[in-house]
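Following: one structure in structure tokens, then a few remarks.
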Amino acid sequence: AAKHEPLWRNLYLGMRCWRPGQWLYPEMGLEAQPKSWKIAYQARKGIERDWLHLWEQEERFMQGATGAPHRVSNALQLARVGGFVHRMGPWASESLAIQSSTSGGMAVYKVDWARGSPGVRPSRVSLQQALDLVDPGETLLLAPGVYRSDAPIRIIKPMLIQRDPFYGPNVAEARLPTPAGPAVLIAPYFQFGGGFGNASWKAGGSDGGPSGGGGPGGGLGKIVGLTIMGQHISFCANNRPSLQDNTLFANEQAGILVSGRSRPVLRVNTIQGNQGPGLVCNGEAAGSFLGNAITGNFGPGITIAGTTEGTFEGNKIQINKQSGVMVWGESAPALTHNLIAENADAGLVVGESAQITITQNTVYKNGGTGIVFGDHAGGVVHTNEIRENQALGMLITGHARPDVRENKIKNNAEGGMNADNLEFLRDAKALNYVYANAEASGTWT
């Protein structure tokens, strides 16, 4: 029968309910293989049937009363390729959520583990225990409510954490009999990364989703539709987590800290009212920051330092208590199609040896100068609209020599453009549209 083992192995690996690195016999270790692929396949068939029934039931639940299909949620997209979907919610009685002898005194919550999922998992767990019990590639759906942890929360394996889409954003759209509202996570801080690695997991997908492991290039999970409060959320090490459609509100430090060689993907999040900067990127970090609203933070909207690279596109960086964006070190970010407006100080400040690309942004109504270059900074500043700022439209000082052309610089309160080097200033006149600015000594109108 040994000659048929490759066939049984292929059948086993082709099943939609299996998870890489976790075989039928977990006591053998993550990298161990079953003694018989035939026995493993036959034993796993029952689990696959249970999983398929669960998925079909949930897919029907996602359809409206008329049977018209709704957009399948991220959780179900993940389930289609083999992950189990678990549901977590507060206890009906608050007194039950105070302490548990197995939770270290943490608040505990109930979890309805997916039918057919292997292993024994307790239903009364703390938030960190729930995350630890979710296997790589699985999904944890959170019902509306508040989830608290007195200890930092660490996510060290690929998973999807999402507000349960079946509750709907409001009572009228709720599909389950629970009050609608946000799912709020409160902890000292939240950290992605820090020690998990599994060679059986492929590198993270282009969306930073839960398709990857914690090793080089791997993803470390995805968070969708939650409200997160504490000190900050931290991405570290070498991973590609993803945040989408979340609110990071009133954290005691920065809203998000990206460090090490992390490559997160942030899409359509609201980063608001944090006591420090909204977003900090340093070290060798990079990533994609797309369509986020970074507003009302007590520090700069975005601070970029170190050798950070990354793409910042389509973000709204508004009404922050300091500058909109500050770029330092030897970083080389690319900013395009962003709105940088109504910040208390300058719109965008670039210093030290940073080499930045700034294209097709709108920089307006900031409390200081629209764009400031200093030190030895450089880069490309093309086709931006810089208007109605309370000081200059653009200021270039020190040894900074960016490539500035085809920008519209107009209606600024203290003049259009100024620079320490008059030759540089004259050359810039022919390459930009500088007009209708208030007159000021040494500047162009």
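Keep in mind it's a predicted model, so treat the numbers as computed, not measured.
Considering CG of Asp132 and CD1 of Ile153, their distance stands at 8.5 Å, rounded to 0.5 Å. Note that CG of Leu279 is 6.0 Å distant from CZ of Phe312, once rounded to the nearest 0.5 Å. The line from CG of Asn407 to OG1 of Thr383 is 6.5 Å long, rounded to the nearest 0.5 Å. Separating the CG atom in Asn366 from the CD atom in Gln390 is a distance of 9.0 Å, to the nearest 0.5 Å. Atom CE of Met229 and atom CZ of Phe190 lie 10.0 Å apart (nearest 0.5 Å).
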Run Arg121 and Asp135 through side chain to side chain contact (heavy atoms under 4.5 Å, CB included) and show every step you take. CA-CA 11 Å; Arg121 314 189 202 194; Asp135 286 327; 3.4 Å; yes
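Counting only distance, with no hydrogens or angles, the side chain of Asn251 and the backbone of Gln253 share no donor-acceptor pair below 3.5 Å.
With Ile396 as reference, Val404 is the one residue of Asp420, Val404, Val381 to meet the side chain to side chain contact (heavy atoms under 4.5 Å, CB included) rule. With Tyr147 as the fixed residue, the side chain to side chain contact (heavy atoms under 4.5 Å, CB included) test singles out one of Leu127, Leu226, Val184: Leu127.
A search for salt bridge (charged side-chain N to carboxylate O under 4.0 Å, His left out) contacts involving Arg401 returns nothing, not counting sequence neighbours.
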I'd like a table of donor-acceptor pairs (distance under 3.5 Å, sequence neighbours excluded) in which one partner is a side-chain atom from residues 346-356, with atom names and distances.
{"from": "Glu352", "atom 1": "OE1", "to": "Gly329", "atom 2": "N", "distance (Å)": "2.6"}
{"from": "Gln355", "atom 1": "OE1", "to": "Gly379", "atom 2": "N", "distance (Å)": "3.4"}

Could you give the side-chain donor-acceptor pairs of residues 281-303 under 3.5 Å, partners two or more places apart or in another chain?
{"from": "Asn292", "atom 1": "OD1", "to": "Val268", "atom 2": "N", "distance (Å)": "3.3"}
{"from": "Asn292", "atom 1": "OD1", "to": "Asn269", "atom 2": "N", "distance (Å)": "2.8"}
{"from": "Asn292", "atom 1": "OD1", "to": "Asn269", "atom 2": "ND2", "distance (Å)": "3.1"}
{"from": "Asn292", "atom 1": "ND2", "to": "Leu266", "atom 2": "O", "distance (Å)": "3.2"}
{"from": "Asn292", "atom 1": "ND2", "to": "Leu290", "atom 2": "O", "distance (Å)": "3.4"}
{"from": "Asn292", "atom 1": "ND2", "to": "Asn315", "atom 2": "OD1", "distance (Å)": "3.1"}
{"from": "Asn297", "atom 1": "OD1", "to": "Gly273", "atom 2": "N", "distance (Å)": "3.4"}
{"from": "Asn297", "atom 1": "OD1", "to": "Asn274", "atom 2": "N", "distance (Å)": "3.0"}
{"from": "Asn297", "atom 1": "OD1", "to": "Asn274", "atom 2": "ND2", "distance (Å)": "2.9"}
{"from": "Asn297", "atom 1": "ND2", "to": "Ile271", "atom 2": "O", "distance (Å)": "3.2"}
{"from": "Asn297", "atom 1": "ND2", "to": "Thr295", "atom 2": "O", "distance (Å)": "3.3"}
{"from": "Asn297", "atom 1": "ND2", "to": "Asn320", "atom 2": "OD1", "distance (Å)": "3.0"}

